[in-house]
Structure formats: C-alpha cells, structure tokens
Amino acid sequence: MNFYVIKLFTLSSLLTIIVSGCAKSQEEKELKVSDNNVSIRIEGTVYPLQRQDVISSVSGKIKHLYIKYGDKVKKNEPIYSLDKELIHLDIQNKQREIASIKKIESYVMKNMNNLHNVADVNLAAMELKKIALLKAEGYIQDYEQNNYKRNYITTLNSQKSQNTTHYERLKTLESSLREKKLELKKLQYQLKHADGYANINGFIADIQVQEGQTIQSDKKVCTIVNLDKVILKAGFATGLLPFLHVNQMVDISFVTTPPYALQAPIKQITPIVDPKFQSMTLNIIIPNKHYILQEGTRALVTIKLPKEGQESVKKYFMHNKRERVVQIQSNI
C-alpha cells in the first residue's frame with residue numbers, strides 16, 4: 001500500500017480543508033501547488049534490476065558450495081557442484097550393457113540364413129529331384145517319394161522358423177538397445193548439469209543448501225540479486241495518467257542515511273492497476289552508486305508538470321482559483 005504526500009503552504013488553507021470536512025481523493029493527495037505551479041508527488045519503493053534463483057537441474061549430493069551470503073559473482077561463475085562418482089559408475093555400466101547387446105545382435109544377424117541352414121534345404125531339394133526322376137521311371141513307389149517330400153518341407157519350415165525366431169529376437173534386442181541408449185543420455189545429461197553456475201551478475205542472497213546435503217532436481221540453491229542498477233516503482237492514481245509520460249524527468253528523494261536525491265527519466269508507465277500497489281505504476285531505472293539503494297528503500301517522487309500540463313490541470317480540475325490543492329475526483 002502506498003502512502004501519498006501533500007504539503008500545504010498556508011495555515012488558512014489547512015484550516016479551510018479541515019473545516020470543510022471533505023476527505024481527499026487519491027489524486028488530491030498526489031497533487032500540490034507551489035507558486036501557482038502544480039506538481040505530482042507520489043511514493044515509490046526500490047527493487048533490484050534483476051533477481052534470479054539458481055535452481056538445481058538434477059538430483060545429487062552437494063560436494064562443493066563455492067559461495068557464501070553476500071558474495072559478488074559474475075554470470076557463469078560456479079555456484080555448486082554435485083558428487084559425480086556414482087554418475088560416472090552408472091555411465092560405465094550402461095556403456096558395457098550397450099556393448100553387450102550390440103555383440104549379441106551381431107551374432108544373431110550372422111546366424112540368420114547361415115550357410116548350414118541353406119545347405120540343408122538345398123540338399124533336401126536335390127534329393128527330392130532325384131527321387132522324382134526315379135519315380136518317373138518306375139523305380140520307386142509313391143510312399144518313398146512322399147518321405148523325401150516331407151523331409152524337404154520339414155527342412156524348409158525349420159529354416160523359416162529359425163529365421164522368425166532370430167527376427168523376433170533382433171526386435172527385442174533393438175528395443176533394449178534404444179532403452180539403454182536413452183538411459184545413457186539421461187546419465188550424460190546429469191553429468192553435464194551436475195554443476196550449478198550463476199545465471200546473472202550480482203550478489204548472493206538466500207542460500208538454502210549446504211555442503212553434504214542431498215538435493216532433488218528443481219531445488220532452489222540460492223538467489224542472485226543485481227543491485228548495480230535498481231528499479232524505483234511508484235504508484236499513482238488513475239486520474240493522473242494523462243499528465244505522465246515516458247522519458248519525463250522527475251525529482252527523487254530517497255529515505256536513506258545520508259539523504260540521497262537525484263533526477264531521472266520515467267522508463268515505463270503501466271496503465272493498469274497493480275494489485276500490490278492498488279494503483280497504476282511507473283518505473284524508473286536508477287544507477288546505484290555505492291549500493292546506497294537497497295531493496296525496499298522508500299522514495300518520494302516529485303513530477304513537475306510542463307506548461308501545457310499546468311494549463312490542463314487548472315482548466316479541468318481547479319474549480320476554485322484560490323485553492324492551493326487541485327481537486328481531482330478519483331475513479332478507483
């Protein structure tokens with residue numbers, strides 16, 4: 001919740017407002033008149049320019065934690081590393097399993113349609129042809145020829161059956177090989193992501209792990225906060241939106257020790273109500289010299305209106321020219 005500030009410059013004006021008993025709108029509290037010039041005065045809060053959590057990609061036991069609270073780190077600098085010994089052992093075992101499957105696969109393929117099986121079929125076929133000639137010349141009976149026919153058919157079926165068995169076994173081996181290769185890729189991924197690195201430049205905060213701790217994937221390790229620049233976010237009443245513009249220079253006074261003040265341009269204006277501020281908001285990017293501005297630092301923002309803005313305010317909102325505070329009805 002933002003609190004809005006207004007200063008009155010004569011005691012009579014103050015008494016007039018108190019006696020009138022009228023509650024000020026949000027816009028009233030954000031507008032003041034000094035030397036017949038209208039300005040907007042609102043409060044803001046400082047936030048880091050960047051804030052990123054370092055999240056573990058894989059599960060494991062933390063072997064080294066390279067940072068401590070308040071350390072300044074650069075992007076891609078190591079934050080932690082997991083124990084990789086078990087991962088290396090699993091990778092070696094998986095590679096052996098893959099090599100074994102490939103060896104069996106090669107053996108099965110060599111035995112499909114091998115010379116021994118082909119020779120048996122060819123021999124049975126040649127014998128059947130000889131018997132057929134003998135039968136044609138009347139040297140043997142039908143039952144003898146039928147025996148050779150059955151032998152040929154049995155040999156042929158045996159070869160087909162063996163080939164079918166080999167084919168089915170090859171399919172099983174190929175399926176197992178794909179599965180083992182996928183498992184190997186997962187282990188290699190774990191090995192590659194077993195170390196965590198800084199994802200931005202900044203300071204280490206909110207460390208949630210320690211060396212020797214076993215963590216799961218998607219576990220928050222720490223937070224990195226970039227305070228080289230900060231964002232001053234301030235809320236303002238919706239009725240003041242027409243008088244605020246991107247790149248408009250504003251005066252800022254921070255609640256710090258020692259006091260700190262500067263001028264800076266408005267970087268962004270969000271014309272929808274922010275639930276946290278319960279108002280529209282504007283953002284100002286500010287260099288953070290000597291890190292005097294920390295998250296949560298409060299500031300008073302004074303926005304001086306240009307000449308055309310002055311005239312618009314006086315025309316549309318100043319019902320009584322003697323008023324020292326511009327009356328604007330709030331629409332929230």
Side-chain angles (χ1 to χ4, degrees), residues 47-114 161-231 295:
Y47 296 90
L49 180 64
Q50 289 180 292
R51 171 191 290 275
Q52 291 286 336
D53 292 333
V54 177
I55 306 295
S56 60
S57 298
V58 298
S59 303
K61 183 179 181 180
I62 296 180
K63 187 173 184 179
H64 296 295
L65 190 63
Y66 300 107
I67 46 89
K68 61 182 183 298
Y69 186 88
D71 282 353
K72 188 173 185 179
V73 295
K74 294 183 178 180
K75 186 176 180 179
N76 297 324
E77 190 172 326
I79 300 296
Y80 71 93
S81 63
L82 300 180
D83 190 340
K84 304 180 185 67
E85 183 176 357
L86 290 178
I87 300 177
H88 282 298
L89 291 174
D90 287 340
I91 287 176
Q92 292 172 9
N93 182 56
K94 202 64 60 180
Q95 289 171 335
R96 284 194 293 268
E97 290 178 353
I98 289 172
S100 177
I101 293 173
K102 286 182 176 181
K103 187 175 181 180
I104 296 172
E105 188 178 48
S106 177
Y107 175 79
V108 172
M109 291 181 69
K110 287 179 181 179
N111 280 274
M112 289 182 68
N113 296 317
N114 61 31
S161 177
Q162 289 180 17
N163 287 345
T164 300
T165 301
H166 289 324
Y167 178 72
E168 290 176 350
R169 191 176 183 191
L170 274 177
K171 286 183 17 181
T172 301
L173 289 169
E174 288 172 358
S175 177
S176 179
L177 186 60
R178 285 195 298 269
E179 183 179 332
K180 297 300 180 183
K181 286 182 176 180
L182 179 60
E183 292 172 357
L184 178 61
K185 284 185 177 180
K186 289 180 178 179
L187 288 169
Q188 291 170 336
Y189 176 88
Q190 292 181 24
L191 182 63
K192 182 179 179 180
H193 294 88
D195 297 331
Y197 300 89
N199 39 23
I200 60 171
N201 298 334
F203 294 94
I204 299 295
D206 195 22
I207 301 175
Q208 295 194 1
V209 299
Q210 58 186 1
E211 286 188 0
Q213 178 181 346
T214 299
I215 60 173
Q216 301 300 317
S217 60
D218 297 326
K219 165 71 176 177
K220 177 180 174 180
V221 175
C222 66
T223 299
I224 302 177
V225 179
N226 187 333
L227 290 171
D228 293 337
K229 292 182 180 180
V230 294
I231 299 175
E295 184 171 7

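Positions are given from 1 along the sequence.
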Can you tell me how far the OG1 atom of Thr172 sits from the CD1 atom of Ile104, to the nearest 0.5 Å?
11.5 Å

Counting only heavy atoms not in Lys192, do more than 12 fall under 6.0 Å of its NZ?
no

In Å and rounded to the nearest 0.5 Å, what is the CD to CG distance from Gln92 to Leu187?
11.0 Å

Inter-residue atom distance Lys75.NZ - Ile224.CD1, 0.5 Å rounding:
10.5 Å

Closest contact, heavy atoms only, Ile200 versus Gln52:
CG2-CG, 3.7 Å

Partners meeting side chain to side chain contact (heavy atoms under 4.5 Å, CB included) with Leu49 (sequence neighbours left out):
Lys229, Ile231, Ile285

Check whether Ser59 reaches the backbone of Ser217 with its side chain - one donor and one acceptor, N or O, closer than 3.5 Å.
yes

Please report the C-alpha distance between Ile87 and Ile91 in whole Å, then the side-chain angles of each, then the deciding distance to 0.1 Å, and finally whether the side chain to side chain contact (heavy atoms under 4.5 Å, CB included) criterion is met.
CA-CA 6 Å; Ile87 300 177; Ile91 287 176; 4.0 Å; yes

Find the distance between CZ (Arg178) and CD1 (Ile98) and round it off to the nearest 0.5 Å.
13.0 Å

Sorted by chain and number, sequence neighbours left out, side-chain hydrogen bond (donor to acceptor under 3.5 Å, both in side chains) with Asn201 holds for none

How about Ile55: does its CD1 atom have over 12 heavy atoms from other parts shown lying under 6.0 Å from it?
yes

With rounding to the nearest 0.5 Å, note down the distance linking CG in Leu177 to OG in Ser100.
10.5 Å

From OH (Tyr107) to CG (Leu173), nearest 0.5 Å:
12.5 Å

Could you work out, with side-chain hydrogen bond (donor to acceptor under 3.5 Å, both in side chains) as the rule, every residue matching Lys74, not counting sequence neighbours?
none

Give a yes or no on whether a salt bridge exists between Asp83 and Lys61, defined as a side-chain N under 4.0 angstrom from a carboxylate O.
no

Report the C-alpha distance between Val225 and Gln50 in whole Å, list the side-chain angles of each, state the deciding distance to 0.1 Å, and finish with yes or no for side chain to side chain contact (heavy atoms under 4.5 Å, CB included).
CA-CA 6 Å; Val225 179; Gln50 289 180 292; over 6 Å; no

Run through Ile207, Ile204, Val209 and flag the one making a side chain to side chain contact (heavy atoms under 4.5 Å, CB included) with Ile79.
Ile204

Is the backbone N or O of His193 less than 3.5 Å from a side-chain atom of Ser57, with the two atoms forming a donor-acceptor pair by type?
no

Salt bridge Lys186-Glu183, side-chain N to carboxylate O under 4.0 Å
no

For a side chain to side chain contact (heavy atoms under 4.5 Å, CB included) check, start with the C-alpha distance between Val54 and Tyr80, then their side-chain angles and the critical distance, and finish with the verdict.
CA-CA 10 Å; Val54 177; Tyr80 71 93; 4.3 Å; yes

Check whether any side-chain heavy atom of Gln208 sits under 4.5 Å from a side-chain heavy atom of Val221, and report yes or no.
no

Any non-hydrogen side-chain atom of Lys94 less than 4.5 Å from a side-chain atom of Lys181?
no

Chi angles and distances behind the side chain to side chain contact (heavy atoms under 4.5 Å, CB included) call for Lys72, Asp228:
CA-CA 11 Å; Lys72 188 173 185 179; Asp228 293 337; 4.0 Å; yes

Measure from the side-chain N and O atoms of Asn76 to the backbone N and O of Asn199, and report whether any donor-acceptor pair falls under 3.5 Å.
no

Under the salt bridge (Lys or Arg N to Asp or Glu O under 4.0 Å) test against Lys180, which residue among Glu174, Glu105, Glu97 passes?
Glu97

I want to check something: taking the side chain as every heavy atom from C-beta on, are His88 and Leu191 in contact at a cut-off of under 4.5 Å?
yes

Under a 4.5 Å cut-off applied to non-hydrogen side-chain atoms, are Lys220 and Asp206 in contact?
yes

Verdict with supporting geometry, Lys84 and Ser81, side-chain hydrogen bond (donor to acceptor under 3.5 Å, both in side chains):
CA-CA 9 Å; Lys84 304 180 185 67; Ser81 63; 4.7 Å; no

